[in-house]
Colleague: 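My structure is below; once you've seen it, I'll send some questions.
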Amino acid sequence: MNTAGDISGRWIAVSFVIFIAVEVLLGAALGKLLMGGFLSHVTRLKIELILIMLSYFVGGYVVGFFSPAVRIWEPALGAALAVCFTFLIGFFTPLCFFGFAVKKALLGAGIAFLLALAGAKLGERHTAS
């Protein structure tokens with residue numbers, strides 16, 4: 001596993017982009033389910049939350065699997081960065097619903113960090129075998 005000195009800023013940025021791409025792909029795959037037919041608003045939110053969380057795990061797996069070196073911390077840091085980036089919506093829109101709160105940002109970043117870390121470890125494990 002890579003040490004703190006080996007952490008690649010480039011792979012953190014690549015991970016950040018991969019998380020967005022995976023979320024878009026998952027959303028496109030399930031878009032008809034989310035938009036077609038009857039689903040309550042709460043059910044749609046639950047599905048969206050599952051897709052968001054799944055995108056961090058799958059994105060971590062993709063980075064762990066396809067990176068040329070062992071990369072488990074980069075996707076985890078990229079996921080935490082992606083969550084914190086989402087909170088910028090609160091700074092650029094007048095919506096109070098998207099307000100920034102340090103505790104929410106840290107909790108969300110921590111969950112995304114752990115999901116991406118688990119995905120990256122699984123991806124690295126599959127690459128090794």
Colleague: Might you point out which heavy atoms bring Ile72 and Leu117 nearest each other, and give the distance in Å?
Modeller: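 Looks like O-CD1, 3.5 Å.
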Colleague: Could you walk me through whether Lys121 and Tyr61 pass side chain to side chain contact (heavy atoms under 4.5 Å, CB included), step by step?
Modeller: CA-CA 7 Å; Lys121 284 183 176 184; Tyr61 179 88; over 6 Å; no
Colleague: Output the distance between atom OG (Ser40) and atom NZ (Lys46), rounded to the nearest 0.5 Å.
Modeller: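 Those atoms lie 7.0 Å apart.
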Colleague: Ring centres of Phe16 and Phe85 under 6.0 Å apart?
Modeller: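 Ring-ring flag for Phe16/Phe85: true, centres closer than 6.0 Å.
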Colleague: Nearest heavy-atom pair of Tyr56 and Phe19: which atoms, and what distance?
Modeller: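 The pair with the smallest heavy-atom distance is O-CE2, 3.3 Å.
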Colleague: Show the nearest heavy-atom pair for residues Pro75 and Gly60, with the distance to one decimal.
Modeller: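 Minimum heavy-atom separation between Pro75 and Gly60: CB-CA, 3.9 Å.
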Colleague: Search all heavy atoms of Ala112 against all heavy atoms of Val83 and return the closest pair with its distance.
Modeller: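 In terms of heavy atoms, the two residues are closest at CB-CG2, 3.5 Å.
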Colleague: Which atoms form the tightest heavy-atom contact between Gly78 and Ser15, and what is the distance?
Modeller: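 The answer is CA-CB, 4.4 Å.
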Colleague: When rounded to the nearest 0.5 angstrom, what is the spacing between CG in Leu77 and CD1 in Ile12?
Modeller: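 Here the rounded value is 4.5 Å.
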Colleague: Can you check whether Phe57 reaches Leu122 side chain to side chain, under 4.5 Å on heavy atoms?
Modeller: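 Result yes, sub-4.5 Å side-chain heavy-atom pair found.
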Colleague: Less than 4.0 Å between a side-chain N and a carboxylate O, is that true for Arg71 and Glu74?
Modeller: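 Yes, charged N to carboxylate O under 4.0 Å.
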Colleague: Look only at the side chain of Thr127 and the backbone of Phe65, and say whether a donor-acceptor pair between them is shorter than 3.5 Å.
Modeller: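 Flag set: sc Thr127 to bb Phe65 pair under 3.5 Å.
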Colleague: Can you check whether Leu45 reaches Leu49 side chain to side chain, under 4.5 Å on heavy atoms?
Modeller: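 The answer is no, as the side chains (C-beta and beyond) never meet within the 4.5 Å cut-off.
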Colleague: Look only at the side chain of Ser67 and the backbone of Val70, and say whether a donor-acceptor pair between them is shorter than 3.5 Å.
Modeller: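 The answer is no, because no donor-acceptor pair under 3.5 Å joins these two groups.
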Colleague: Side chains of Glu23 and Ile52, heavy atoms from C-beta outward: is any pair under 4.5 Å?
Modeller: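 Yes, their side chains come closer than 4.5 Å.
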Colleague: When you group the ILVMFWY residues by side-chain heavy-atom contacts below 4.5 Å and let the links chain together, are Leu115 and Leu106 in the same group?
Modeller: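 Yes, one cluster joins them.
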Colleague: Applying the 4.5 Å side-chain criterion to the ILVMFWY set and letting contacts propagate, would Leu25 and Val63 be lumped into a single cluster?
Modeller: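 No, no single cluster joins them.
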Colleague: Nearest 0.5 Å, please: how far is OG in Ser55 from CD1 in Ile20?
Modeller: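 Taking CD1 in Ile20 and OG in Ser55, the distance rounds to 9.5 Å.
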Colleague: Between Lys103 and Leu107, is any pair of side-chain heavy atoms under 4.5 Å apart?
Modeller: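 No, every pair of side-chain atoms sits at 4.5 Å or beyond.
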Colleague: Are Phe87 and Val102 connected into the same hydrophobic cluster when the rule is that any two of I, L, V, M, F, W, Y join if their side-chain heavy atoms are below 4.5 Å apart?
Modeller: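 Per the 4.5 Å side-chain linkage, Val102 and Phe87 are co-clustered.
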